[in-house]
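Below you'll find the structure, written out as structure tokens, and then a few comments.
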Amino acid sequence: MILLNDFQRQWRDTRDDAMAAFEAVGASGWYILGKRVEGFEQALAAYWRLPHSVGVASGLDAIEIGLRALGCRPGDRVLTTPLSAFATTLAIVKLGAVPVFADCDAHGLLDLDACSRLFASRTDIRLLVPVHLYGHALDPGHLAQLRDRFQLRIVEDCAQSIGAIRGGAPTGLVGQAAATSFYPTKNLGALGDGGALLTADPNIAAAARRLRDYGQSAKYKHDEMGYNSRLDELQAALLERVYLPRLDAWTARRRAVASAYLGSIRNPAVRPMGAPAGSDSCWHLFPVLVAPDRKSAFMAHLRSQGVACAEHYPVLIPDQAALHGVPHELASDCARARAIAHGEVSLPIHPYLTDDEAATVAAACNSWTG
Ligand SMILES: *Cc1c(COP(=O)(O)O)cnc(C)c1O
């Protein structure tokens with residue numbers, strides 16, 4: 001079976017470095033908020049071209065802590081996308097804020113024109129959580145224009161977009177804060193959970209540092225209610241020494257696989273979604289669209305050809321049972337997002353996928369008769 005992610009291959013490649021990192025942390029005798037977290041935070045900030053990075057326990061927490069640091073309060077409206085990992089909305093709802101869902105564009109990204117119209121008519125919505133879905137970067141110029149025109153506070157959800165470039169810059173530089181995740185399947189994945197909040201604003205960074213550690217501003221001094229949301233030394237050491245140094249090569253390999261697919265999938269019944277023009281995607285996922293009523297048959301066909309596949313995401317967030325009875329708003333019928341949810345299938349894409357495997361995946365797509 002050609003897997004969506006091949007962690008055993010990754011382990012064979014990274015084992016020696018990982019064991020050395022493990023040994024170093026174990027021998028140090030310091031396991032929470034020490035030198036390795038600091039070192040990784042600095043390395044990540046440098047990679048991301050932002051001055052501050054704060055390691056937290058997950059991508060979910062990074063978004064929630066980012067929103068809190070930006071002053072999001074219970075009852076505040078937060079504009080976001082209906083097509084994402086559930087965590088994007090969960091972070092908003094956990095704060096008692098109210099998610100407002102706008103529709104997507106043809107690439108599955110938040111439709112920024114629709115957002116602009118909404119901000120113009122709804123002065124009560126001034127918080128935004130856009131998602132650089134699939135590793136495709138939203139247009140930073142457009143996002144910056146919205147931020148300035150409507151004085152928005154923005155946490156960019158970069159959980160899928162580490163390594164993506166648009167307009168010569170990484171994602172996450174337009175919002176006052178950027179959240180990312182080190183969940184193992186992410187492009188920079190740990191051997192467990194982790195996340196980070198990145199920002200140019202020292203006050204936001206300081207707030208995030210307090211919030212991740214019970215709201216402590218100094219030892220035994222609690223001025224606000226915080227969380228236990230710390231990245232641990234072990235994950236930080238692995239990320240800094242083993243995975244981050246490989247990230248550019250991994251991203252390059254994902255791009256090579258994506259261009260192989262784009263060049264060889266030639267079947268009108270299987271349409272690669274592609275990246276928006278100008279976005280040098282980091283290809284966290286490789287989504288294709290098929291006829292919604294044939295989606296499960298297509299997935300069965302892929303599996304019969306030895307190709308694993310998945311869906312991102314089959315159910316819109318506002319359609320999830322967990323949202324029943326929870327305050328939220330639909331700013332549109334989300335018809336485009338729903339059409340993508342019903343027709344999208346994700347093909348295997350990861351740094352250890354071979355050329356032969358990519359050819360097998362493309363052949364499996366091309367042999368689908370619709
Ligand atoms: C994975 C993901 C998250 C959540 O990250 P966790 O580390 O799993 O909490 C949030 N948003 C998006 C878009 C994601 O892909």
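Nothing here was measured: the structure is a model prediction, and the numbers come from that model. When a residue number appears, it is its place in the shown sequence, counting from 1.
Side-chain atoms of H328 and V100, non-hydrogen and from C-beta on, never get closer than 4.5 Å to each other. Side-chain contact check for F286 versus S346: every heavy-atom pair is 4.5 Å or farther apart. V78 has its side chain out of reach of L128: every pair of non-hydrogen atoms, C-beta onward, lies at least 4.5 Å apart. Within the 4.5 Å cutoff, no side-chain heavy atoms of H132 are placed close to those of Q160. Under the 4.5 Å side-chain criterion, counting only non-hydrogen atoms from C-beta, T80 is in contact with T89. Taking the side chain as every heavy atom from C-beta outward, L197 and S53 never approach each other to under 4.5 Å. Counting only heavy atoms from C-beta outward, the side chains of H52 and P202 approach each other to under 4.5 Å. Contact annotation: the side chain of R153 never approaches that of L67 to less than 4.5 Å [non-hydrogen atoms, C-beta and beyond].
The shortest non-hydrogen separation linking V345 to C309 is CG1-CB, 3.9 Å. The shortest heavy-atom contact between C334 and L330 is SG-CD2, 3.9 Å. Across every non-hydrogen atom of P327 and V98, the tightest pair is O-CG1, 3.7 Å. Residues A57 and S229 approach most closely at N-OG, 3.1 Å, considering heavy atoms. The nearest pair of heavy atoms linking A190 to Q235 is CB-OE1, 3.1 Å. In this structure, A275 and S281 approach most closely via the heavy-atom pair CB-CB, 4.0 Å.
Connection of L316 to I92 is not established within any shared hydrophobic cluster, with ILVMFWY side chains joined at heavy-atom distances below 4.5 Å, either directly or through further cluster members. Residues L234 and Y31 share a single hydrophobic cluster, defined by chaining ILVMFWY side chains whose heavy atoms lie under 4.5 Å apart. Note on V129 and L79: separate hydrophobic clusters, where clusters join Ile, Leu, Val, Met, Phe, Trp and Tyr whose side-chain heavy atoms are under 4.5 Å apart, directly or indirectly. Linking ILVMFWY side-chain heavy atoms closer than 4.5 Å, directly or via other members, places F101 and F119 in two distinct hydrophobic clusters. Two different hydrophobic clusters hold L285 and V288 under the rule that ILVMFWY side chains link at heavy-atom gaps under 4.5 Å.
The closest donor-acceptor contact from the side chain of N366 to the backbone of R266 lies under 3.5 Å. Without hydrogens or angle criteria, R338 side chain to D333 main chain gives a donor-acceptor distance under 3.5 Å. One N or O on the side chain of R212 and one on the backbone of G55 form a donor-acceptor pair closer than 3.5 Å. Of the possible polar contacts, none joining the R210 side chain to the Q216 backbone as a donor-acceptor pair under 3.5 Å is found. A donor-acceptor pair under 3.5 Å is absent between the side-chain atoms of R126 and the main chain of Q151, judged by distance alone. N267 places a side-chain N or O within 3.5 Å of a backbone atom of C365 that can act as its donor or acceptor partner. Listed for the S116 side chain is no donor-acceptor partner under 3.5 Å among the backbone atoms of L112. Judged purely by atom type and a 3.5 angstrom limit, E329 has no side-chain atom pairing as donor or acceptor with the backbone of P99. Remark: side-chain polar atoms of E357 are paired, donor with acceptor, to backbone N or O of T354 under 3.5 angstrom. The closest donor-acceptor contact from the side chain of R255 to the backbone of D280 lies under 3.5 Å.
Between Q305 atom CD and M1 atom CE the span is 10.5 Å, to the nearest 0.5 Å. The OG1 atom of T180 sits 8.5 Å away from the CG atom of N187 when rounded to the nearest 0.5 Å. Note that the NE2 atom of H136 and the NE2 atom of H284 stand 11.0 Å from one another [nearest 0.5 Å]. Interatomic distance, CZ of R117 versus OG of S332, reported as 9.5 Å (0.5 Å rounding). The distance from the CD atom of Q176 to the OG1 atom of T199 is 8.0 Å, given to the nearest 0.5 Å. With values rounded to the nearest 0.5 angstrom, S161 atom OG is found 10.5 Å from K186 atom NZ.
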Verdict with reasoning, Y134 to E344, per side chain to side chain contact (heavy atoms under 4.5 Å, CB included): CA-CA 12 Å; Y134 305 139; E344 188 273 347; 3.8 Å; yes
So R36 and R241, side chain to side chain contact (heavy atoms under 4.5 Å, CB included) or not? Walk me through it. CA-CA 10 Å; R36 297 286 43 91; R241 295 181 179 185; 3.4 Å; yes
I'd like to know whether L110 forms a side chain to side chain contact (heavy atoms under 4.5 Å, CB included) with C115, so could you lay out the CA-CA distance, the side-chain angles of the two residues, the decisive distance to 0.1 Å, and finally the verdict. CA-CA 8 Å; L110 194 59; C115 292; 3.6 Å; yes
Between L3 and R9, is a side chain to side chain contact (heavy atoms under 4.5 Å, CB included) present by the stated rule, with each step listed? CA-CA 11 Å; L3 304 174; R9 283 184 199 170; over 6 Å; no
Set out, in order, the CA-CA distance, both residues' side-chain angles and the distance that settles side-chain hydrogen bond (donor to acceptor under 3.5 Å, both in side chains) for H301 and T369, then state yes or no. CA-CA 10 Å; H301 166 78; T369 50; over 6 Å; no
Before giving the answer on salt bridge (charged side-chain N to carboxylate O under 4.0 Å, His left out), spell out for D213 and R230 the whole-Å C-alpha distance, their side-chain angles and the decisive distance to 0.1 Å. CA-CA 7 Å; D213 197 23; R230 300 171 298 227; 2.8 Å; yes
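Around the OH atom of Y183, the shell of radius 6.0 Å holds no more than 12 heavy atoms that belong to other residues, nucleotides or ligands.
Side chains of S58 and D193: no donor on one and acceptor on the other come within 3.5 Å. In summary, the side chains of N5 and T185 do not present any donor paired with an acceptor at a separation below 3.5 Å, with no hydrogens or angles considered.
Grouping Ile, Leu, Val, Met, Phe, Trp and Tyr by side-chain contacts under 4.5 Å, direct or through others, puts V326 with V93. Side-chain contacts under 4.5 Å among hydrophobic residues (ILVMFWY), followed directly or transitively, place L238 together with W11, M19, F40, L44, Y47, W48, L50, I162, L173, F182, L188, L191, L198, L231, L239, V242, Y243, L244, L247, W250, Y352. Other members of a hydrophobic cluster containing W30 are absent, since no ILVMFWY side chain comes under 4.5 Å of it, directly or through relayed contacts.
Here R246 pairs with D13 in a salt bridge; the nearest charged N to carboxylate O distance falls below 4.0 Å. The pair E311-K295 meets the salt-bridge criterion, with a side-chain N (NZ, NE, NH1 or NH2) lying under 4.0 Å from an Asp/Glu carboxylate O. Residues R209 and E41 are paired through a salt bridge, judged by an N-O separation under 4.0 Å between the basic side chain and the carboxylate.
Applying the salt bridge (Lys or Arg N to Asp or Glu O under 4.0 Å) test between R253 and each of D355, D6, D248 identifies D355 as the sole match.
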